[in-house]
Amino acid sequence: MKKVGFIGLGVMGYPMAGHLAKAGFEVCVYNRTTEKAQQWAAEFDGSFALTPKEASLDADIVFACVGNDNDVRQVALGEDGIFAGLKADAIFVDHTTASAELARELNKIALAQNKHFIDAPVSGGQAGAENGQLTVMCGGEQHIFALVQPVMAAFAKFSQLMGEAGYGQIAKMANQICIAGVVQGLSEAFNFAERAGLDADKLVATISKGAAGSWQMENRYKTMFAGEYDFGFAVDWMRKDLAIAFAEAQKNGSELPMTKMVDGFYQQIQENGGSRWDTSSLISLLKQN
Ligand code: NAP
C-alpha cells in the first residue's frame with residue numbers, strides 16, 4: 001500500500017491528497033481542471049495525470065472526492081475512468097458524499113473485475129481536511145477496510161467500517177439528519193436569547209457544559225450571533241446530501257418530518273441568495289422577521 005491515486009482536488013481533496021504525500025505515499029493526482037493538479041504537484045511531493053485512468057495505473061489504492069453521484073460516475077467509469085486503470089486487487093475508495101445505491105453499484109463493478117470498493121464519506125469539513133482530522137464512515141469488506149484504514153490515517157483521526165457497501169453513505173446520511181436538526185435548534189435558541197437580551201458568550205459558556213452542548217454550538221455560536229455565514233459547509237451541498245437521505249428514507253420506510261422542514265428552510269435561503277452560505281445560516285430566516 002505505497003502507491004496511491006487521488007481524484008478530485010477540491011476544498012476537501014486537495015489537502016487530503018497533500019496529507020498522503022506528506023505521510024510518504026507515492027501520490028498521483030487527477031483534477032478535471034488541470035491547473036489545480038499542477039498547483040498541487042508544485043506544492044507537494046507527487047505527480048499529476050491527465051485522466052483518472054492514468055492516475056489509477058499501478059496504484060494500490062485510488063481515492064476520489066468529487067461532487068455527487070454523476071460526478072463519481074464520470075471519474076470512475078468509461079475508457080478514461082478509474083476502473084479502466086485500476087489493476088486487479090487494487091482498491092477504489094470513494095470519499096464523495098453520494099447515494100448508497102451508487103456505492104452498491106460500484107462495489108458490484110469492482111468485484112466483477114477482481115478489484116475492491118469502499119464507500120467512505122467524511123465529516124469534519126474543510127478544517128478537518130486541512131488539519132488531517134476527518135472522521136470517515138466506511139462501507140465494504142472488513143479485510144479491505146483493514147488495508148485502507150492505516151492509509152486514511154494520513155488525513156483522518158477516526159475511521160469505522162459501518163457494514164457492507166453503501167453503509168458508509170447511510171451513516172453519513174444519519175450524520176446530516178443530525179446536523180439539520182441541531183442547527184435549527186441552535187438557530188431558534190440563539191435568536192430567542194438575543195431578543196430576550198441574554199449575553200451570547202455567557203449563555204454558551206454555561207449551557208454548552210450541560211446536555212445542550214454540541215460541536216455546532218461551540219464552533220458556530222459567535223458567527224451565528226454576528227450573522228456571518230462563511231465558515232463551513234455550504235447550503236447547496238447540504239441540500240444535495242438531504243436529497244440523498246430523503247431517497248434512502250423512502251426505501252427504508254423512515255419518516256424525516258423535521259429534516260424535511262429544515263430542508264424547506266435551506267431552500268428559502270437559496271432563494272434569498274445564500275447558496276454558498278454555510279449551514280448555520282438557518283438563523284438568518286429568524287433574524288429577518
Ligand atoms: P469542491 O471544492 O466543489 O470540489 C469538487 C471537486 O470535484 C473538484 O476537484 C472538481 O473539479 C471535482 N469534480 C466535480 N465534478 C466533477 C466531474 N464531473 N468530473 C471530474 N471532476 C469533478 O467540493 P468539496 O467541498 O471538496 O466536496 C467534495 C465532496 O465532499 C462532496 O461530495 C461534498 O458533499 C463532500 N464533503 C464536503 C465537505 C466540505 O465541508 N466542503 C465536508 C464533508 C463532505 P474542478 O476543480 O475541475 O471543478
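Everything quoted here is computed from the prediction, not taken from an experiment. Order of appearance sets the numbers: ligands from 1, and atoms from 1 within every ligand.
Checked against a 3.5 angstrom limit, the closest N/O atoms of Tyr30 and ligand 1 fall outside it. The shortest N/O to N/O separation between Gly67 and ligand 1 falls below 3.5 Å. When only interatomic distances are considered, the shortest N/O to N/O separation between Gly125 and ligand 1 does not fall below 3.5 Å. In terms of polar-atom proximity, defined here as any N/O pair under 3.5 Å, Met12 does make such a contact with ligand 1.
What sits closest to atom 4 (O) of ligand 1 on the protein, heavy atoms only, is Gly10 CA, 3.2 Å. Looking at atom 36 (N) of ligand 1, its nearest protein heavy atom turns out to be Phe233 CE1, 4.0 Å. In terms of protein heavy-atom proximity, atom 47 (O) of ligand 1 is closest to Thr33 OG1, 2.5 Å. In terms of protein heavy-atom proximity, atom 16 (C) of ligand 1 is nearest to Arg32 NH1, 3.3 Å. Counting protein heavy atoms only, atom 15 (N) of ligand 1 is closest to Asp71 CG, 3.1 Å. Of all protein heavy atoms, the one closest to atom 2 (O) of ligand 1 is Val11 N, 2.9 Å. At the top of the distance list for atom 29 (C) of ligand 1, counting protein heavy atoms only, stands Val66 O, 2.9 Å. Shortest contact from atom 23 (O) of ligand 1 to any protein heavy atom: Trp237 CZ2, 3.3 Å.
With a 4.5 Å cut-off on side-chain heavy atoms, Ser281 and Asn272 do not count as touching.
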Atom pairs and distances, side-chain donor-acceptor, residues 63-70, under 3.5 Å, sequence neighbours left out:
{"from": "Asn68", "atom 1": "OD1", "to": "Asn70", "atom 2": "N", "distance (Å)": "3.1"}
{"from": "Asn68", "atom 1": "OD1", "to": "Asp71", "atom 2": "N", "distance (Å)": "3.0"}
{"from": "Asp69", "atom 1": "OD1", "to": "Ser99", "atom 2": "N", "distance (Å)": "2.9"}
{"from": "Asp69", "atom 1": "OD2", "to": "Ser99", "atom 2": "OG", "distance (Å)": "2.6"}

Would you list the atom pairs, donor with acceptor, under 3.5 Å between side chains in residues 113-120 and any protein atom, with sequence neighbours excluded?
{"from": "Gln113", "atom 1": "OE1", "to": "Lys115", "atom 2": "NZ", "distance (Å)": "2.8"}
{"from": "Lys115", "atom 1": "NZ", "to": "Phe83", "atom 2": "O", "distance (Å)": "2.9"}
{"from": "Lys115", "atom 1": "NZ", "to": "Leu86", "atom 2": "O", "distance (Å)": "2.9"}
{"from": "Asp119", "atom 1": "OD1", "to": "Gly166", "atom 2": "N", "distance (Å)": "2.9"}
{"from": "Asp119", "atom 1": "OD2", "to": "Gly166", "atom 2": "N", "distance (Å)": "3.2"}
{"from": "Asp119", "atom 1": "OD2", "to": "Gly168", "atom 2": "N", "distance (Å)": "3.0"}
{"from": "Asp119", "atom 1": "OD2", "to": "Gln169", "atom 2": "N", "distance (Å)": "3.0"}

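Looking at Asp241, Thr97, Thr279 one by one, the single match for side-chain hydrogen bond (donor to acceptor under 3.5 Å, both in side chains) with Gln176 turns out to be Asp241.
The aromatic rings of Tyr221 and Phe225 stand perpendicular to each other, their planes meeting at an angle above 60°, with 30° marking the opposite boundary.
Close approach of ligand 1 to Lys36 (heavy-atom distance below 4.0 Å) involves ligand atoms 46 (O). Listed by number with element, the atoms of ligand 1 under 4.0 Å from a non-hydrogen atom of Thr97 are 32 (O), 34 (O), 35 (C), 44 (C). Close contacts between ligand 1 and Gln126 involve ligand atoms 40 (O) [criterion: under 4.0 Å to a heavy atom]. The contact set between ligand 1 and Gln74, taken as ligand atoms under 4.0 Å from a residue heavy atom, comprises 17 (C), 18 (N), 19 (N). Close contacts of ligand 1 with Gly8, meaning ligand atoms under 4.0 Å from a residue heavy atom, involve 9 (O). Using a 4.0 Å cut-off to heavy atoms of Thr96, the atoms of ligand 1 that qualify are 32 (O). Close contacts between ligand 1 and Lys240 involve ligand atoms 31 (C), 32 (O), 33 (C), 34 (O) [criterion: under 4.0 Å to a heavy atom].
At least one heavy atom of Cys65 sits less than 4.0 Å from an atom of ligand 1.
Proximity of a side-chain donor or acceptor of Gln149 to a complementary backbone N or O of Phe145 within less than 3.5 Å is not detected. Judged purely by atom type and a 3.5 angstrom limit, Lys287 uses its side chain to pair as donor or acceptor with the backbone of Met224.
Gln270 and Ser275 form no side-chain donor-acceptor contact under 3.5 Å, judged by distance and modelled atom types alone. For the 3.5 Å distance criterion, the side chains of Glu188 and Gln184 qualify, holding a donor opposite an acceptor.
Taking the six-membered ring for Trp and the full ring otherwise, the centers of Tyr30 and Phe6 sit at least 6.0 Å from each other. Ring centroid separation for the pair Phe155 and His95 comes in under the 6.0 Å cut-off.
Contacts with ligand 1 closer than 4.0 Å are made by side-chain heavy atoms of Val75 only, the backbone lying farther away. When heavy-atom distances to ligand 1 are checked against a 4.0 Å cut-off, Asn31 comes that close only through its side chain, counted from C-beta outward. Only the side chain of Lys172 comes within 4.0 Å of ligand 1, counting heavy atoms alone; its backbone N, CA, C and O stay farther away.
Distance CZ/Phe190 to CG/Leu282: 12.5 Å, rounded to 0.5 Å.
Shortest non-hydrogen contact noted between Gly46 and Ala41 is O-CB, 3.7 Å.
With respect to the salt-bridge test (charged N to carboxylate O, under 4.0 angstrom), the residues Lys222 and Glu228 do not qualify.
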